[in-house]
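Before any comments, here is the structure.
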Amino acid sequence: MREIECKFQIQDKKELLNRLKEKGCSLEKEITQKDTIFVQDIKDTESKPNSIWLRVRKTNNTIELNYKKQSKKKSESKEIEFQVNDYDKAIEFLIALGFQKWVEVQKKRITTTYQNFNICIDEVERLGAFVEIEILASENDSIDYEPIIMSVAKELQIDTKKRINSHYDTMIAEVMECIDILEKL
């Protein structure tokens with residue numbers, strides 16, 4: 001599967017949630033997610049075509065293992081995801097395969113759907129509030145969904161100038177790097 005996603009920073013999470021309700025969206029109960037991200041080389045974590053990240057995600061009592069391979073377009077990646085039953089064993093497994101633990105991302109998430117799009121409203125520890133609009137497409141689907149997603153964002157009155165072209169893990173790593181530098185001063 002291809003995941004096509006656009007992410008935007010938001011100022012007022014409650015306002016967006018109310019707008020989604022007005023549009024007839026049914027909001028799921030807020031969940032807590034803890035992601036541990038793994039890379040092949042801790043010295044090369046840049047998001048570029050063919051980069052691979054593995055993620056172990058704990059959502060309440062569910063645990064998933066996820067593979068993402070970055071495509072040429074920043075908003076797209078190939079994704080494989082499946083459930084496992086032990087968070088710590090999954091981490092141990094990835095380390096045994098030679099992957100290196102990079103960062104942890106903790107967030108609270110509310111999900112909904114609008115038209116054919118999945119919408120995630122996230123409150124990410126250390127980063128703030130964001131909304132992701134995404135669609136899953138088959139490998140053979142050649143439609144360019146990015147302009148469509150941007151149109152949906154405008155329809156939902158999301159400030160498209162606040163688009164973020166980075167992943168939470170990358171942003172967390174940058175924050176942690178800044179903290180390390182400040183602590184050394």
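- Judged as a side-chain hydrogen bond (donor to acceptor under 3.5 Å, both in side chains), the pairs with a partner in residues 86-97 (not counting sequence neighbours) are, in order, Thr36-Tyr87.
- Inter-residue side-chain proximity for Val152 and Gln115 is flagged as met; some heavy-atom pair is nearer than 4.5 Å.
- Thr170 has its side chain out of reach of Thr45: every pair of non-hydrogen atoms, C-beta onward, lies at least 4.5 Å apart.
- Salt bridge annotation for Glu104-Lys58: absent, with no cationic side-chain nitrogen under 4.0 angstrom from a carboxylate oxygen.
- Side-chain contact between Ile135 and Asn116 is present, with heavy atoms from C-beta onward closer than 4.5 Å.
- Smallest separation of non-hydrogen atoms from Lys72 and Pro49: CA-CG, 3.9 Å.
- Within a 6.0 Å radius of NZ in Lys161, other residues, nucleotides and ligands contribute 12 heavy atoms or fewer.
- Side chains of Glu183 and Asp180 form a contact here, defined as non-hydrogen atoms less than 4.5 Å apart.
- Neither Val39 nor Ile95 shares a network with the other; the hydrophobic side chains, linked directly or stepwise wherever heavy atoms of I, L, V, M, F, W or Y lie under 4.5 Å apart, form separate groups for each.
- When the shell of 6.0 Å around CG of Asp44 is examined, it contains more than 12 heavy atoms from other residues, nucleotides or ligands.
- Counting non-hydrogen atoms of neighbouring residues, nucleotides and ligands closer than 6.0 angstrom, the CG atom of Asp144 exceeds 12 such neighbours.
- The minimum heavy-atom distance linking Phe99 with Gln40 is given by the pair CE2-CG, 3.2 Å.
- Taking the centre and axis of the six-membered ring of Tyr168, the NZ or CZ atom of Lys7 falls inside the cone set by 45° and 6.0 Å.
- Not a single donor-acceptor pair under 3.5 Å links the side chain of Ser47 to the backbone N or O of Ser166.
- Under the 4.5 Å side-chain criterion, counting only non-hydrogen atoms from C-beta, Ile119 is in contact with Leu156.
- Looking at residues two or more places apart in sequence or on another chain, you find a side chain to side chain contact (heavy atoms under 4.5 Å, CB included) between Thr113 and Asn118.
- When the shell of 6.0 Å around OH of Tyr114 is examined, it contains more than 12 heavy atoms from other residues, nucleotides or ligands.
- Contact annotation: the side chain of Leu94 approaches that of Leu65 to within less than 4.5 Å [non-hydrogen atoms, C-beta and beyond].
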**OP:** Decide yes or no on salt bridge (charged side-chain N to carboxylate O under 4.0 Å, His left out) for Lys108 and Glu123, but give the supporting numbers first.
**Re:** CA-CA 5 Å; Lys108 293 186 184 294; Glu123 188 70 41; over 6 Å; no
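- In Lys73, the NZ atom is crowded: over 12 heavy atoms of neighbouring residues, nucleotides or ligands sit closer than 6.0 Å.
- Residue pairs satisfying the salt bridge (charged side-chain N to carboxylate O under 4.0 Å, His left out) criterion with at least one member in residues 11-32, sequence neighbours excluded, are listed as follows: Lys13-Glu30, Glu15-Arg19.
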**OP:** Determine, stepwise, if the pair Lys78 / Glu139 fulfils side chain to side chain contact (heavy atoms under 4.5 Å, CB included).
**Re:** CA-CA 8 Å; Lys78 178 179 180 177; Glu139 295 290 326; 3.7 Å; yes
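- Minimum interatomic distance between Ile149 and Ile4 (heavy atoms only, all atoms of both residues): CD1-O, 3.6 Å.
- Across all their heavy atoms, Val124 and Lys107 have their closest contact at CA-CB, 3.9 Å.
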Original post:
What do the steps show when you test Asn50 against Lys48 for side chain to side chain contact (heavy atoms under 4.5 Å, CB included), and what is the final call?
Top reply: CA-CA 6 Å; Asn50 297 317; Lys48 57 190 174 202; over 6 Å; no
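- Here the side chains of His167 and Lys68 are not in contact, with every heavy-atom distance at 4.5 Å or above.
- Side-chain N/O atoms of Lys162 and Gln9 include no donor and acceptor closer than 3.5 Å.
- A single hydrophobic cluster is seen to contain both Leu97 and Val56, as judged by linkage of ILVMFWY side chains at heavy-atom distances under 4.5 Å, directly or through other members.
- Between the side chain of Arg2 and the main chain of Ser71, no donor-acceptor pair closer than 3.5 Å is present.
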Original post:
Does the side chain to side chain contact (heavy atoms under 4.5 Å, CB included) test come out yes or no for Glu46 and Ser51, once each step is laid out?
Top reply: CA-CA 8 Å; Glu46 183 184 346; Ser51 295; 5.8 Å; no
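- Shown are Ile158, Leu17, Ile164; of these, the side-chain contact (heavy atoms from CB on, under 4.5 Å) with Val131 is made only by Ile158.
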